[in-house]
Amino acid sequence: MGRPPCCDKSNVKRGLWTPEEDAKILAYVSNHGTGNWTLVPKKAGLNRCGKSCRLRWTNYLRPDLKHDGFTPQEEMLIINLHAAIGSRWSLIARRLPGRTDNDVKNYWNTKLRKKLMKMGIDPVTHKPVSQVLSDLGSISTLPNTNNQMNFVNNDSINNTVPAATEPSGSHYSSITVNASANKNTREDQVHSWEHQVR
DNA sequence: AAGGATGGCAACCGCGGAATG
DNA sequence: GCATTCCGCGGTTGCCATCCT
């Protein structure tokens, strides 16, 4: 048995939020705070999924959110953090007061990715596209046809930051990333990066 | 002016992890 | 230890506005 749905999707409203619904969430949260989101729609008088309410609050209604455009400083920070830790949007967003992971993710996907590509930088590896292409070329000319499987099965990969997120040789900073890549050390990497850029 | 293409943002989906009983 | 519940995350989709032909 899998996990049951959090709400009856067929009887729940979806799509864009109305100002009335926003007002109900705001009123409820200001009176009760953000507690059990599954109870919020019932108590706030909303015909919405609790998860949907939480998303609306965290991505749009929170009073500490900025709704204006990203500054060049924020832009630079996103690019550098993405180079250091990859698409860990929530971690990146935590370094940007007033921004949500959704904001950062959307901004990256719609603006920054294209901007980097225009500059001739691969947005995944943060290396020049020419270098990425030559790397690919040298991989594909290797005689062993099991290269991919060898790469995936290589135990050492578990202790190594994936090349895609490796910032060494990055064009934004001279950060070095240590070998272990679990959640905590990624956070540590962000801290150490912040220390270095100051 | 019309309508197709593109950009930008909001919202949804499904999964994994943490918390709890 | 296991099942259940909730939360948070990243990827994806849908919709609306604007641009282009």
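Note on naming: letters A, B, ... go to the chains in the order of the sequence lines (proteins, then strands), and numbering restarts at 1 for each one.
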OP1 or OP2 of [N] sitting under 4.0 Å from any side-chain N/O of [X]?
| X | N | value |
| --- | --- | --- |
| S90(A) | dG10(C) | yes |
| R14(A) | dG14(C) | no |
| W37(A) | dT5(C) | no |
| S87(A) | dG11(C) | yes |
| R113(A) | dG8(B) | no |

Would you mind telling me which of [options] lies closest to the side-chain atoms of [X]?
| X | options | answer |
| --- | --- | --- |
| K114(A) | dG7(B), dC7(C), dA10(B) | dG7(B) |
| R54(A) | dC12(B), dC9(B), dC9(C) | dC9(C) |
| R56(A) | dC12(B), dG11(C), dA10(B) | dA10(B) |
| D101(A) | dT12(C), dG10(C), dC15(B) | dG10(C) |
| T38(A) | dC6(C), dA10(B), dG10(C) | dC6(C) |
| Y60(A) | dC15(B), dA10(B), dC9(B) | dA10(B) |
| D103(A) | dA10(B), dG8(B), dC7(C) | dA10(B) |
| K111(A) | dG8(B), dC9(C), dC12(B) | dG8(B) |

Mind checking if N36(A) touches a base, just sugar-phosphate, or nothing, with heavy atoms under 4.0 Å?
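Sugar-phosphate contact only.
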
At under 4.0 Å between heavy atoms, what does T58(A) touch on the DNA or RNA strands: base, sugar-phosphate, or nothing?
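No contact.
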
Measure from [atom1] on [X] to [atom2] on [N] and round the result to the nearest Å.
| X | N | atom1 | atom2 | value |
| --- | --- | --- | --- | --- |
| N59(A) | dG8(C) | CG | P | 12 Å |
| F70(A) | dG8(B) | CZ | P | 13 Å |
| N109(A) | dA10(B) | CG | P | 14 Å |
| R94(A) | dG10(C) | CZ | C1' | 13 Å |
| D22(A) | dA11(B) | CG | C1' | 13 Å |
| L91(A) | dG17(B) | CG | P | 15 Å |
| W108(A) | dG8(B) | CH2 | P | 15 Å |
| L65(A) | dC9(B) | CG | C1' | 14 Å |

Would E21(A) and K13(A) pass as an ion pair if we require N to O under 4.0 Å?
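Counted as a salt bridge, because a side-chain N and a carboxylate O are separated by less than 4.0 Å.
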
Mind checking who shares a hydrophobic cluster with L39(A), ILVMFWY linked at side-chain heavy-atom distances under 4.5 Å?
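Besides L39(A), the cluster holds no residue at all.
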
Mutual orientation of the aromatic rings belonging to H67(A) and Y60(A) [parallel < 30°, tilted 30-60°, perpendicular > 60°]:
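Tilted.
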
When the ring planes of W37(A) and W57(A) are compared, do they come out parallel, tilted or perpendicular, using 30° and 60° as the limits?
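Rings of W37(A) and W57(A): tilted, as their planes differ by 30° to 60°.
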
Consider side-chain contact (heavy atoms from CB on, under 4.5 Å). Of N59(A), L55(A), T58(A), which one does N102(A) pass it with?
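So, applying the side-chain contact (heavy atoms from CB on, under 4.5 Å) to N102(A) and each of N59(A), L55(A), T58(A), only N59(A) qualifies.
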
Tell me whether the side-chain N or O atoms of R88(A) pair up with the base of dG10(C) as donor and acceptor below 3.5 Å, since no angle test is needed here.
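Looking at the base of dG10(C), it does not pair with any donor or acceptor on the side chain of R88(A) (distance under 3.5 Å).
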
Please confirm whether any donor atom in the side chain of K105(A) sits under 3.5 Å from an acceptor in the base of dG11(C), or the reverse.
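Per atom types, the contact qualifies.
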
Would a 4.5 Å heavy-atom cut-off, applied to side chains only, mark L91(A) and L81(A) as touching?
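Counting from C-beta outward, L91(A) and L81(A) never come under 4.5 Å.
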
Using the closest heavy atom to pick a nucleotide of DNA chain C for each, name whichever of L16(A) or L55(A) lands nearer the 5' end.
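Looking at the nearest nucleotide for each, L55(A) comes out on the 5' side.
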
